[in-house]
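Read through the structure below, which is laid out as structure tokens, and then see the notes.
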Amino acid sequence: MTQSFGKNLKTTIFGSSHQSFIGVVMDDIKPGFEIDYEKLCTFMQRRAPGKSKYTTKRKEVDKPEFLSGVIDNKIVSKTIVGIIRNGDYLSKDYKNLIDVPRPSHADYTSLIKYGKDLDMNGSGPFSGRITAPLCLAGGIAKQIIEKKGIKIHARLKNIGGIEDRKISLLNPPMDELDKIKNKEIAVLDEKKEKEIRVLLEDVRGNLDSVGGICQVFATGVPKGLGDPNYDSFESRIAYLSYGVPAVRAVSFGDGLDSFKMRGSEHNDQFEIIDGKVRTKTNHAGGVVGGITNGEAVVFDLIFKPTASISLPQKSFSLKEKKEKELVIKGRHDPCLALRTPPIAESIMALTILDFLNDL
Ligand SMILES: C=C(O[C@@H]1CC(C(=O)O)=C[C@@H](OP(=O)(O)O)[C@H]1O)C(=O)O
């Protein structure tokens, strides 16, 4: 079971949703960087639970603490260790799931693989809570690469089938995206936001859940990050993305729509502007042949509807060896996708920093 990623900047997530804390080790980071602690906390609050009626009611402070490698917010070692304390956990809500697994959650596959030894309270390593330390590391990575002129912003592109405004992949409106980052529903189009609220009220009222797509943009990314084939820029993004609970797909640029296009529509033709090679469009999302081309890097993360819903569902009892109805207790997100923009930004930032450590 690996909780680690990164080739040059080796990052390891540890802990579990209902243990006393969760955290992250960042190894082979460059000492000297001054972390803007307030900015890091604000970034992490965008993901934190208990902030909206459309997400989980669990309330956590989610303030990062540095155990090692950081003094007065300055990185002073090659390895840093940060933690986030867990406070508001109700493990009793998970007791019945040891015998009766949740459909489409990891209870069953975890049991097949690890038996009853793995701490599955709060869904253990399969919990969305493990994205808190990812954002701790990602928030730091984002600050480091910002100083190198790389900007990253994410938005909710689609919630439960309701699509936000289409925006340019070539010249993404980064200032506009920056302004929506602290919204409860981080979309640009206010009319669509109202429609999403109606949908979410319906989903919540009916004890159900809904998924969504988070789209993330990075500008100022140097040309030449990534290699062909198995260590492509996309491969490292995908490696992290599929480690995030509930991610079902990751797609670059026009991604999942590209197969419907003709080559003449999808090709990004070249032009020379002020002596610099640019592309006229950015259907590729800034990565061709696994290598960044200097245009904005854009990818979508597709999240399934939260598996833990309160409606009665068909499952089975391991003890009794027969089918059984399951009613899940606990405080689950009617739409976990709402909390994902800082997660997508973290994946982008950590991957770029990992490649930059290469150079
Ligand atoms: C705590 C977080 O999200 C949790 C993710 C989660 C799950 O099953 O993934 C289930 C809930 O946990 P609990 O049952 O302990 O309340 C969420 O609250 C968080 O994101 O910080």
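Numbering of ligands and ligand atoms starts at 1, following listing order. Computed from a predicted model, the values in this text were never measured in an experiment.
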Considering only protein heavy atoms, which is closest to [atom], and at what distance to one decimal place?
| atom | value |
| --- | --- |
| atom 16 (O) of ligand 1 | R58 CD, 3.2 Å |
| atom 1 (C) of ligand 1 | R129 CD, 3.4 Å |
| atom 12 (O) of ligand 1 | Y94 OH, 3.6 Å |
| atom 3 (O) of ligand 1 | R339 NH2, 3.3 Å |

> Counting heavy atoms only, which of R47, E60, K57 comes nearest to atom 19 (C) of ligand 1?
Replying inline: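 Checking each option, the heavy atom nearest atom 19 (C) of ligand 1 is found in R47.
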> Purely on distance, is any nitrogen or oxygen of D333 under 3.5 Å from one on ligand 1?
Replying inline: no
> Can you find an N or O of T56 that's nearer than 3.5 Å to an N or O of ligand 1?
Replying inline: yes
> P49 near ligand 1, heavy-atom distance under 4.0 Å?
Replying inline: yes
> Does ligand 1 have any atom sitting under 4.0 Å from a heavy atom of S127?
Replying inline: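 S127: in contact with ligand 1 (<4.0 Å).
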> Taking the six-membered ring of F270 as reference, does the NZ or CZ atom of R278 fall below 6.0 Å from its centre and within a 45° cone about the axis?
Replying inline: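 Cation-pi check for R278 and F270: fails.
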Carboxylate-amine/guanidinium contact [X] [Y], below 4.0 Å:
| X | Y | result |
| --- | --- | --- |
| D62 | R85 | no |
| R46 | E345 | yes |
| R204 | E201 | yes |
| D164 | K192 | no |

Please list, in number order, the atoms of ligand 1 under 4.0 Å from a heavy atom of [X].
| X | value |
| --- | --- |
| G128 | 5 (C), 7 (C), 9 (O), 20 (O) |
| S123 | 8 (O) |
| H105 | 8 (O) |

> Is the gap between the ring centers of F5 and Y239 under 6.0 Å?
Replying inline: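 Not under 6.0 Å, so no.
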> Are T306 and S209 close enough that a side-chain donor and a side-chain acceptor fall under 3.5 Å?
Replying inline: no
>> For N158 and E163, which I'm curious about, is there any donor-acceptor pair between the side chains at under 3.5 Å?
In response: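 Their side chains do contain a donor-acceptor pair, which is all the 3.5 Å distance test asks for.
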